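Worksheet: one structure, shown below.
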Amino acid sequence: MIGAILIQQTTWKNVQKAIENIKLSGTLSPELINLISLEELENLIKPSGFYRVKARTLKTYVAFLMEGYNGRISSMNRESLEILRNKLLKIKGIGMETADSILLYALKKEIFVVDGYTKRIFERIGITNSRDHEKIRILCERSLRSEGNSIYCFNEMHALIVALGKSYCKKRPKCGICPGKDLCQKKGVKNEQRWN
DNA sequence: GTCCAGTGGT
DNA sequence: ACCACGGGAC
């Protein structure tokens, strides 16, 4: 859950440093993160960037966890996907991607995580011309559910999209060496950027 | 669209 | 010296 918040607009390597700092400080628990000062938390998570905004979000999140569920994730997880998602989205600093990451990865709920890569890749491939988060999420869930074991498929597909986005379908795409070049229509890729 | 902000790659 | 990064708020 901490990772889901810290990953915003940064890389895993930096998130790991931040989480390692929290571990080394001995405050890796809802109770303790709730207790330490905002400034102390800011210092711990500095490597993950946007550290003031993210420290505030973390504080708000653990307060939510403490007040609503006595700090127990198992207690939180008894609520339905829909109820929980709406509650998470009300927390300042938690948008749809972060909420859905918490629901899928931390709570094993059946929801597909749409991220910036998903929108960019789908747009370029020509799967959709809309960047509407919910439309893409519903589309992915509908398609992947027919494969059975939704949670596993949602996990795996998201991981594969991230892998493709990080190495090939980057902001400046590497179409020449992309494993998907034969089936990609490149509708969203500008001409001069296609064959890098 | 702009800001938040440290870190790594080019 | 740039640029980009597994977002979100305003």
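None of these values were measured; they are calculated from a predicted model. Chain identifiers are assigned alphabetically (A, B, ...) following the order of the sequence lines, protein sequences preceding nucleic acid strands; residue numbering begins at 1 within each chain. Below, each value reflects all heavy atoms present in this structure, side chains not excepted, and no hydrogens, waters or symmetry copies.
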N/O contacts under 3.5 Å, protein versus nucleotides 8-10 of chain B?
| from | atom 1 | to | atom 2 | distance (Å) |
| --- | --- | --- | --- | --- |
| B:dG8 | OP1 | A:Lys17 | NZ | 2.7 |

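- Of the charged side-chain nitrogens involved, at least one lies within less than 4.0 Å of a carboxylate oxygen, so that A:Glu134 and A:Arg85 count as a salt-bridged pair.
- Cation-pi check for A:Lys46 over A:Tyr51 is met; the charged atom lies under 6.0 angstrom from the ring centroid and within 45 degrees of its normal.
- Between B:dA5 and A:Tyr51, no contact under 4.0 Å exists linking OP1 or OP2 to a side-chain N or O.
- The CD1 atom of A:Ile45 sits 12 Å away from the P atom of B:dT7 (whole-angstrom rounding).
- Near DNA chain C, meaning a heavy atom under 4.0 Å away, there are no residues from residues 54-69 of chain A.
- By the 4.0 Å N-to-carboxylate-O rule, A:Glu110 lies close enough to A:Arg145 to be salt-bridged with it.
- Between A:Gln9 and the phosphate of C:dG7, there is a side-chain N or O to OP1/OP2 separation shorter than 4.0 Å.
- One atom, CG of A:Leu6, and another, C1' of C:dC5, lie 14 Å apart when rounded to the nearest Å.
- A:Asn21 places its CG atom 14 Å from the C1' atom of B:dT7, with the value rounded to the nearest Å.
- Atom CZ of A:Arg72 has 12 or fewer heavy atoms from other residues, nucleotides or ligands within 6.0 Å.
- In this structure, A:Arg52 places its CZ atom 4 Å from P of B:dA5, rounding to the nearest Å.
- Relative to the side chain of A:Pro47, the nucleotides C:dC10, C:dG7, B:dT7 differ in distance, and B:dT7 lies closest.
- Side-chain atoms of A:Lys54 come within 3.5 Å of backbone atoms of A:Gln8 as a donor-acceptor pair (strictly under, hydrogens ignored).
- When each of A:Leu35, A:Leu65, A:Ile2 is checked for a side-chain contact (heavy atoms from CB on, under 4.5 Å) with A:Pro30, only A:Leu65 meets the rule.
- Taking the nucleotide of DNA chain C with the nearest heavy atom to each of A:Ile91 and A:Val162, the more 5' of the two is matched to A:Val162.
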* If you write DNA chain C from 5' to 3' in dot-bracket form, with Watson-Crick or G-U pairs under 3.5 Å, [ ] for crossing pairs and | for pairs with another strand, what do you get? -> |||||.||||
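- When distances run from any side-chain atom of A:Glu97 to the nucleotides C:dC5, B:dC4, C:dG8, the shortest one goes to C:dG8.
- Rounded to an integer number of Å, the gap from A:Arg120 CZ to C:dA4 C1' is 9 Å.
- Rounded to whole Å, the distance from NZ on A:Lys171 to P on C:dC2 is 17 Å.
- Atom CD1 of A:Ile83 is surrounded by 12 or fewer heavy atoms from other residues, nucleotides or ligands within 6.0 Å.
- Nucleotide C:dG7 holds its P atom 18 Å from the CZ atom of A:Arg137, rounded to whole Å.
- A:Val53 comes within 4.0 angstrom of the backbone, heavy atoms only, and of no base.
- For A:Lys166 and C:dC5, the NZ to C1' distance is 7 Å, given to the nearest whole Å.
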* To do: For side-chain hydrogen bond (donor to acceptor under 3.5 Å, both in side chains), just list the numbers for A:Tyr69 and A:Glu79, CA-CA rounded to whole Å, side-chain angles, deciding distance to a tenth of an Å, and then say yes or no.
  => CA-CA 10 Å; A:Tyr69 311 98; A:Glu79 288 199 305; 2.4 Å; yes
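- To the nearest whole angstrom, the two P atoms, one in B:dT2 and one in C:dC3, are 14 Å apart.
- Atom CE of A:Met157 sits in a sparse spot, with 12 or fewer heavy atoms from other residues, nucleotides or ligands closer than 6.0 Å.
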* Take A:Thr128 and A:Ser130 through the test side-chain hydrogen bond (donor to acceptor under 3.5 Å, both in side chains) and record every step on the way to the result. => CA-CA 5 Å; A:Thr128 172; A:Ser130 161; 4.7 Å; no
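- Mapping A:Ile94 and A:Thr10 onto DNA chain C by nearest heavy atom places A:Thr10 closer to the 5' end of the strand.
- Relative orientation of the A:His158 and A:Tyr105 rings is tilted, given thresholds of 30° and 60° on the angle between their planes.
- When side chains are defined from C-beta on, A:Ile5 counts as touching A:Tyr61, because their heavy atoms get closer than 4.5 Å.
- The phosphate of C:dG8 (OP1 or OP2) has a side-chain N or O of A:Thr98 nearer than 4.0 angstrom.
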